[in-house]
Q: 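Have a look at the structure that comes next, please.
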Protein chains: 2
Amino acid sequence: MSRRDEILDAAAGLLVEEGPDALSMRRLGELLGIRAPSLYKHVSGKEEILAALQERALRAMAVELEAARPDVRGLGDAYRAWALANPQQYTLVTRHPLDRDRLAPGVEAAAAAPLLAAVGGDQARARALWGLAHGLVDLELAGRFPSTADLDATWRAAIELFEPEPTQKESQP
Amino acid sequence: MSRRDEILDAAAGLLVEEGPDALSMRRLGELLGIRAPSLYKHVSGKEEILAALQERALRAMAVELEAARPDVRGLGDAYRAWALANPQQYTLVTRHPLDRDRLAPGVEAAAAAPLLAAVGGDQARARALWGLAHGLVDLELAGRFPSTADLDATWRAAIELFEPEPTQKESQP
DNA sequence: CCTCTCGGCTAACGGTGTTAGCTCAAGGTT
DNA sequence: AACCTTGAGCTAACACCGTTAGCCGAGAGG
């Protein structure tokens with residue numbers, strides 16, 4: 001494992017363990033038994049570290065989405081579950097500016113593919129689904145919903161927008 | 001106008017004009033012909049400034065939503081339009097931690113009310129609508145969609161999830 | 001044996017939010 | 001009129017932040 005990878009691992013640990021504010025070059029160096037400026041022998045700067053972490057997280061999320069049941073409900077659940085289980089990573093992926101030049105090609109598309117497939121290839125609907133899932137997750141992680149809100153019910157209502165569930169009463173006789 | 005309000009106005013200007021990074025206590029003081037520490041005679045700290053700007057923006061957005069046509073389409077359009085016209089404010093409102101103790105009571109509910117009314121009072125659907133609108137706006141502002149993406153079409157598809165438009169072909173003969 | 005490169009180091013710069021403590025003018029009180 | 005209080009500015013400083021410049025020693029290769 002290269003020193004660079006050690007740095008990225010330590011950075012990832014710091015991020016999930018103590019949050020984004022704790023992820024400073026000095027703290028990171030300290031964690032590795034090194035002074036902050038020495039990090040620059042292996043990494044161009046903090047931006048590169050964050051970009052690498054972003055890519056890692058995006059890949060991990062894509063793996064999870066590919067493993068999910070390939071319909072809207074399965075994907076929605078997987079999307080939400082991953083975000084809630086990895087809030088720091090999700091926030092980094094979606095709130096930090098995405099430098100596509102640094103990102104390996106295909107990574108973004110790989111994460112989006114399952115969503116696109118689940119809505120039958122309709123780009124507009126796929127983006128709506130993405131927006132819906134991201135919006136709900138982002139608001140939930142940001143604590144924007146009142147603590148009394150039933151978010152499971154919210155997600156059920158959201159998924160039903162895409163896959164209407166015939167109610168028992170009104171189903172065809 | 002109190003000195004505090006002058007400070008908040010200057011802060012708002014700095015935010016929309018030069019972005020969140022430019023909104024530092026020293027820059028803000030400079031803009032007012034004052035040294036940064038003097039700001040603390042009128043304001044408890046940067047957090048209070050941001051909270052006040054957040055509340056202002058939330059109120060402005062609520063006004064816009066109340067003025068919109070009170071259906072899903074009208075609200076969706078108004079939501080998106082306001083966010084795109086005031087990206088810095090929208091980002092501040094949604095990405096900065098919301099301190100409800102500092103927020104005047106009712107402000108949050110006032111912004112949410114039109115959405116709730118548009119879906120007939122169904123809380124779960126209202127939150128889904130909010131999530132959808134916020135998600136699409138957040139992703140658009142963050143530049144997450146490819147530049148080739150037709151976001152108008154995406155919004156049309158999104159709104160249609162709530163208000164299905166009978167197509168010409170399949171409409172009742 | 002010499003040299004060169006790698007990976008550490010210290011010192012420093014300019015930036016951030018914030019605190020402590022001083023000063024001075026304005027206004028109200030006695 | 002003299003005094004006192006308060007408000008609103010100031011400087012100096014602290015502890016952080018990301019980053020750069022330049023030095024140094026160990027180890028590898030010729």
Side-chain angles (χ1 to χ4, degrees), chain A residues 1-57 88-89 91-93 95-99 101-103, chain B residues 1-57 88-89 91-93 95-99 101-103:
Chain A
M1 186 166 57
S2 74
R3 200 78 230 255
R4 184 170 181 278
D5 289 342
E6 289 182 340
I7 291 174
L8 295 182
D9 287 353
L14 210 45
L15 176 67
V16 305
E17 227 90 340
E18 308 191 38
D21 289 352
L23 181 40
S24 76
M25 299 301 271
R26 286 174 174 80
R27 286 277 277 123
L28 186 50
E30 190 183 359
L31 201 66
L32 290 158
I34 262 175
R35 294 291 141 79
S38 301
L39 294 168
Y40 290 76
K41 297 289 177 172
H42 308 276
V43 151
S44 74
K46 193 180 184 181
E47 263 318 304
E48 186 188 328
I49 296 178
L50 293 178
L53 260 43
Q54 233 176 353
E55 180 166 337
R56 278 189 182 194
Q88 309 287 11
Q89 286 98 321
T91 303
L92 177 63
V93 166
R95 313 253 268 216
H96 189 78
L98 186 62
D99 186 347
D101 294 338
R102 256 199 268 249
L103 198 64
Chain B
M1 185 167 56
S2 73
R3 200 79 232 253
R4 183 169 182 279
D5 289 341
E6 289 182 340
I7 291 174
L8 295 182
D9 287 353
L14 210 44
L15 176 67
V16 306
E17 227 88 340
E18 307 191 37
D21 288 353
L23 181 40
S24 77
M25 299 301 273
R26 285 173 175 82
R27 283 278 277 127
L28 186 51
E30 189 183 0
L31 201 65
L32 291 158
I34 264 177
R35 292 291 139 80
S38 301
L39 295 168
Y40 291 79
K41 297 289 176 173
H42 309 276
V43 150
S44 74
K46 193 180 183 181
E47 263 318 304
E48 187 188 329
I49 297 178
L50 293 178
L53 261 42
Q54 233 176 353
E55 179 167 337
R56 278 189 183 195
Q88 310 287 10
Q89 286 98 320
T91 303
L92 177 62
V93 166
R95 312 252 269 215
H96 190 77
L98 186 62
D99 186 347
D101 294 338
R102 258 200 266 250
L103 197 65

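Throughout, a chain's letter reflects where its sequence line sits, starting with A, and its residues are numbered from 1.
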Q: At 4.0 Å (heavy atoms only), tell me whether A:R26 reaches a base, stays on the sugar-phosphate, or touches nothing.
A: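 Base, at least one base atom sits under 4.0 Å.
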Q: Would you indicate what B:L28 reaches in the nucleic acid, counting non-hydrogen atoms under 4.0 angstrom: base, sugar-phosphate, or nothing?
A: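 Counting heavy atoms under 4.0 Å across all strands, no contact is made by B:L28.
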Q: If we check side chain to side chain contact (heavy atoms under 4.5 Å, CB included) with B:H42, which of these qualifies: B:E6, B:E48, B:R3?
A: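 That would be B:R3; it is the only one of B:E6, B:E48, B:R3 passing the side chain to side chain contact (heavy atoms under 4.5 Å, CB included) with B:H42.
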Q: What residues from residues 36-49 of chain A pass a heavy-atom cutoff of under 4.0 Å to DNA chain D?
A: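 Residues of residues 36-49 of chain A under 4.0 Å from DNA chain D: A:P37, A:Y40, A:G45, A:K46.
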Q: I need the CG-P distance between A:L32 and C:dG7, as an integer number of Å.
A: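 Spelled out: CG on A:L32 to P on C:dG7 is 14 Å.
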Q: Rounded to the Å, how far apart are B:I34 CD1 and C:dT18 C1'?
A: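 Atom-to-atom, B:I34 to C:dT18, this comes out as 17 Å.
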Q: Got a salt bridge between B:E30 and B:R35, using NZ or NE/NH1/NH2 to carboxylate O under 4.0 Å?
A: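 So B:E30 does not pair with B:R35 through a salt bridge.
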Q: Looking at A:D9, A:L8, A:V16, which one forms a side chain to side chain contact (heavy atoms under 4.5 Å, CB included) with A:L53?
A: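 Between A:L53 and the candidates, side chain to side chain contact (heavy atoms under 4.5 Å, CB included) is satisfied uniquely by A:L8.
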Q: Quickly work out the A:R35 CZ to D:dC17 P distance and round it to whole Å.
A: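 After rounding, the gap between these two atoms is 14 Å.
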Q: Hey, which of these two, A:R27 or B:G33, hits DNA chain D nearer its 5' end, going by closest nucleotide?
A: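 Upstream on the strand: B:G33.
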Q: Write down the distance between CE (A:M25) and C1' (C:dG15), rounded to a whole number of angstrom.
A: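 It is 16 Å, rounded to the nearest whole Å.
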Q: Are A:R27 and A:E18 within salt-bridge range, i.e. N to O under 4.0 Å?
A: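 The answer is yes: the pair qualifies as a salt bridge.
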Q: With distance as the sole test, does B:Q54 use its side chain to make a donor-acceptor pair with the main-chain N or O of B:L92 at under 3.5 Å?
A: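 Yes, because the side chain of B:Q54 sits within donor-acceptor range (under 3.5 Å) of the backbone of B:L92.
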Q: Is the backbone of A:V43 close enough, under 3.5 Å, to the side chain of A:R4 for a donor and an acceptor to pair up by distance?
A: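 Pair absent, no side-chain N/O of A:R4 close to backbone of A:V43.
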Q: Rounding to an integer number of Å, can you tell me how far B:D21 CG sits from C:dG17 P?
A: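 My rounded result for the distance is 10 Å.
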